[in-house]
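Reading through the structure tokens given below for one structure.
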There are 2 protein chains.
Amino acid sequence: MNNQLASKAEAIRMLQERDINPTQQRIVIAQLLFARPQHMSAEQVLMNVQDSGVHVSKATVYNTLSLFAEKGLVKEVIVDPTKVFYDSNIVPHHHFFNIDNGQLSDIDDASLQLQAMPQLPDGTQLDGVDVIIRVRGQQQAQA
Amino acid sequence: MNNQLASKAEAIRMLQERDINPTQQRIVIAQLLFARPQHMSAEQVLMNVQDSGVHVSKATVYNTLSLFAEKGLVKEVIVDPTKVFYDSNIVPHHHFFNIDNGQLSDIDDASLQLQAMPQLPDGTQLDGVDVIIRVRGQQQAQA
DNA sequence: TTAACTCTTTAGAAAGAGTCTATTTCCCAT
DNA sequence: ATGGGAAATAGACTCTTTCTAAAGAGTTAA
Ligand SMILES: [Mn+2]
Ligand SMILES: [Mn+2]
Ligand SMILES: [Zn+2]
Ligand SMILES: [Zn+2]
């Protein structure tokens with residue numbers, strides 16, 4: 001249903017652009033994530049990579065996702081108290097989160113703007129703004 | 001530093017208003033939470049209640065916080081991947097989250113408005129909107 | 001070629017938040 | 001007092017994430 005991967009060459013290029021040593025495991029995880037803009041949990045990454053025949057350990061998946069987030073290749077989305085989502089779409093945008101089925105989806109950036117940025121607490125700098133619109137309804141998760 | 005409790009009578013009244021049977025444990029947790037608007041984790045609630053001399057189990061703290069959330073007495077704030085915060089301020093408002101020290105603070109509601117509500121995904125209803133402004137800086141957590 | 005070195009990966013143990021279960025306790029109506 | 005439903009409890013358990021100690025890969029230097 002979702003088996004397309006980004007090319008190996010493209011994955012390597014993306015890693016090198018961010019000064020990430022393109023190891024086998026990092027390449028295959030990048031090919032999976034950057035096949036298209038998507039939201040994946042660590043467990044989904046692990047299962048998808050293993051299904052593709054490459055052996056990657058759980059620790060490496062976590063290490064790699066953290067590294068990618070640190071280097072700005074993916075963005076962590078904190079919205080479900082039970083797990084972190086990694087977003088391969090790093091264009092600034094916000095999210096719908098369906099609390100009935102756990103589905104996370106992007107909000108068209110044009111359709112949501114903040115009126116103004118509030119003054120930040122003293123001595124702090126802006127890191128980012130996350131808007132989550134929680135919705136209910138639709139079928140339960142189909143996984 | 002933070003020992004004031006809401007009165008027992010007030011706590012009981014708040015519980016009864018929401019059709020919650022005012023048991024000993026629920027009353028003392030309510031006295032703690034509603035002493036003032038604040039954000040607490042389950043663990044903080046457990047420790048504070050136990051410090052006050054009342055014996056309450058971990059399971060009861062979780063059950064009670066879930067019940068309060070379900071009944072609308074508190075609001076869950078999902079912002080830190082390692083734990084849920086319970087907000088005793090249920091007036092609609094948004095949050096600053098300091099990723100360096102884990103501090104959660106309220107944004108004055110007047111200073112942050114959404115320009116418009118995007119169209120929701122088909123077949124879904126609005127549950128709520130959470131805006132989190134992540135900031136960096138200041139000392140690490142003082143706990 | 002081998003040795004040394006650094007970086008990465010790995011299995012599995014460990015940590016921590018949250019949930020579940022079986023039992024006991026509490027509270028109230030009779 | 002007693003019976004019964006609701007709530008609380010200890011502690012086992014689950015699940016995500018992190019840590020640890022050891023093995024592997026790749027690179028450079030002799
Ligand atoms: Mn959790
Ligand atoms: Mn976690
Ligand atoms: Zn997204
Ligand atoms: Zn708040």
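Both backbone and side-chain heavy atoms feed into the values below; hydrogens, waters and symmetry mates do not. Lettering of chains follows the sequences in order, A, B, ..., and the numbering in each one begins at 1.
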Could you state the atom-to-atom distance from [atom1] of [X] to [atom2] of [N] in whole Å?
X	N	atom1	atom2	result
B:K83	C:dT19	NZ	P	15 Å
B:D19	D:dA6	CG	C1'	15 Å
A:L46	D:dT17	CG	P	12 Å
A:M40	D:dT16	CE	P	15 Å
B:F85	C:dG18	CZ	P	10 Å
A:I29	C:dT8	CD1	C1'	12 Å
A:D80	C:dG18	CG	C1'	13 Å

Any residue meeting side-chain hydrogen bond (donor to acceptor under 3.5 Å, both in side chains) with B:S7, in chain and number order, not counting sequence neighbours: none
Residue list, side-chain hydrogen bond (donor to acceptor under 3.5 Å, both in side chains) with B:H95, at least two apart or on another chain: B:H39, B:D87, B:H93, B:D106
Quiz: residues 10-19 of chain A side-chain donor-acceptor pairs under 3.5 angstrom, not counting sequence neighbours:
| unit_1 | atom_1 | unit_2 | atom_2 | d |
| --- | --- | --- | --- | --- |
| A:R18 | NH1 | A:K71 | O | 3.1 |
| A:R18 | NH1 | A:G72 | O | 3.4 |

Any residue meeting side chain to side chain contact (heavy atoms under 4.5 Å, CB included) with B:D108, in chain and number order, not counting sequence neighbours: B:A110, B:S111
Side chain to side chain contact (heavy atoms under 4.5 Å, CB included) partners for A:T124, two or more places apart: A:L120, A:P121, B:N98, B:V135, B:Q138
A:Q125, CD: over 12 other non-hydrogen atoms inside 6.0 angstrom: yes
What pairs with [X] under salt bridge (Lys or Arg N to Asp or Glu O under 4.0 Å), at least two apart in sequence or on another chain?
X	value
B:D109	none
A:D127	B:R136
A:D130	A:K75, B:R134
B:K83	B:D80

Side chain of B:E43 - closest among D:dA8, C:dA17, C:dT9: C:dA17
Among C:dG18, D:dA7, D:dT9, the one nearest B:T23 by side-chain distance: D:dA7
Of residues 8-16 of chain A, the positions that come close to DNA chain D - non-hydrogen atoms, cut-off under 4.0 Å: none
Nucleic acid contacts of residues 54-67 of chain A, taken as heavy-atom distances under 4.0 Å to DNA chain D: A:K58, A:A59, A:Y62
Step-by-step side chain to side chain contact (heavy atoms under 4.5 Å, CB included) determination, B:V129 to B:M117: CA-CA 9 Å; B:V129 179; B:M117 180 62 58; 3.6 Å; yes
Per-nucleotide protein contact string for nucleotides 22-30 of chain C (B base, S sugar-phosphate only, - none; heavy atom under 4.0 Å): -----S---
